[in-house]
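The next block holds one structure in the form of structure tokens; read it before the comments.
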Amino acid sequence: MAQINDLKETSSINGSKWAHLLAGIACGVLFFAAFFYLLAPNFFSTGFSIRTLIALGVVMGVGVIANQQLNLFNRSSMIEHSYKVTNKVLSGLPDYYTVYNNVCIGEAKMDHVVVGNNGVFIVLDRSVKGVVHCNEDEKRWTIDKTGRQGGSYTSSMGNPLKQLKWQIHTLAKYLKDNGINIWIDGCVFFSNADSDLVNKPSGCFDSDREVVSFIMNYSPKKNINPQMINRVKDHLAV
């Protein structure tokens, strides 16, 4: 089993999720309080006034904020689930691999960095649900989704392969600046079981077997010695 190193406490992810939920609940309470205030006896008896406008504005504004916070809670829950799924997959690698989670180098935030005797790999999480239309050359990818009521709608996401390439470049430069010239590769893992990739390009996977196979069967473009691997680990653990 691979060694797992969390460079950022996962409790911060949980904290963000529950903060959104509490904010959503608080806004919901304010929404109903303002709504019932509008229904108070004789509220409209004096006609349409500034007080009425303020109350209506509060009801609509708080309602919008409550909806946004609950959507952020759902999104945070999906990200947390994706993190756990990918972490479990990577922990199943042999014990000569080491996994670093939540690696931050400059502005780059890398979900998972795997270091082994055959190279260094960045694994980018994506917890997308729906049919993803992949295109390596496009800036954004289209996603066909089904709503809670069964209706269909379309959304989009940034091209994760472009983000992965930027992260690979950032990590490679960081290591090179520290005297380590090592080839780095990576992949994008769509960990949500309800995701379906259309025109799936190289480097994008939607099953744990594909991710594990990609890493374990990878043939490095340059020879890697154990001393170099240890130096990479030392710099990632800082």
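Rounding to the nearest 0.5 Å places SG of Cys204 at 10.0 Å from CZ of Arg126. The CD1 atom of Ile143 lies 7.0 Å from the OG atom of Ser156; values are rounded to the nearest 0.5 Å. One finds the CG atom of Asn178 at 12.5 Å from the NZ atom of Lys176 (value rounded to the nearest 0.5 Å). If you take CG on Asp137 and CG on Leu161, they are separated by 10.0 Å, rounding to the nearest 0.5 Å. Separating the CG atom in Asp111 from the CD atom in Gln167 is a distance of 6.5 Å, to the nearest 0.5 Å. Rounded to the nearest 0.5 Å, atoms NE2 (His133) and CG (Asp144) are 3.5 Å apart.
None of Asn102, Leu236, Ile122 except one satisfies the side chain to side chain contact (heavy atoms under 4.5 Å, CB included) rule with Met110; the exception is Ile122. Tested against Asn159, the residues Met157, Lys162, Gln163 include a single side chain to side chain contact (heavy atoms under 4.5 Å, CB included) partner, Lys162.
Within the 4.5 Å cutoff, the side chain of Ile229 has no heavy atoms near those of the Asn117 side chain. Using a 4.5 Å cut-off on side-chain heavy atoms (C-beta onward), Ile224 and Val120 make no contact. Between Asn101 and His112 the shortest side-chain heavy-atom distance falls below 4.5 Å. The closest side-chain heavy-atom distance from Val211 to Leu90 is below 4.5 Å.
For Leu197 against Cys134, the heavy-atom pair with the smallest separation is CB-SG, 4.1 Å. When every heavy atom of Thr86 is checked against every heavy atom of Ser191, the shortest pair comes out as OG1-CB, 4.0 Å. Taking all atoms of both residues into account, the shortest heavy-atom contact from Cys187 to Leu164 is N-CD2, 3.5 Å. Here the closest non-hydrogen pair linking Gly179 and Arg231 is O-NH1, 3.4 Å. When all heavy atoms of Ala108 and Thr170 are compared, the pair lying nearest together is CB-CG2, 3.8 Å. Here the closest non-hydrogen pair linking Tyr153 and Thr146 is CE2-C, 4.0 Å.
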Lys233 and Gln3: CA distance, side-chain angles, deciding distance, side chain to side chain contact (heavy atoms under 4.5 Å, CB included) verdict | CA-CA 12 Å; Lys233 292 179 179 180; Gln3 180 182 347; over 6 Å; no

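Grouping the Ile, Leu, Val, Met, Phe, Trp and Tyr side chains by contacts below 4.5 angstrom, directly or via other members, places Phe214 with Met216. If you chain together hydrophobic residues whose side chains sit under 4.5 Å apart, Tyr100 and Ile105 fall into the same group. No continuous path of hydrophobic side-chain contacts links Val131 to Phe205 [ILVMFWY only; heavy atoms under 4.5 Å]. Under the 4.5 Å side-chain heavy-atom criterion for ILVMFWY residues, no single connected hydrophobic cluster contains both Val198 and Val128.
For Asn225, the CG atom sits in a packed shell: over 12 heavy atoms of surrounding residues, nucleotides or ligands are nearer than 6.0 Å. At most 12 heavy atoms of other shown residues, nucleotides or ligands fall within 6.0 angstrom of atom NZ in Lys88. Within a 6.0 Å radius of CH2 in Trp166, other residues, nucleotides and ligands contribute more than 12 heavy atoms. When the shell of 6.0 Å around NZ of Lys165 is examined, it contains 12 or fewer heavy atoms from other residues, nucleotides or ligands.
For Tyr97 and Asn118, the side-chain atoms include at least one donor-acceptor pair closer than 3.5 Å.
The aromatic rings of Phe190 and Trp141 sit parallel, their planes meeting at an angle under 30°, below the 60° perpendicular limit.
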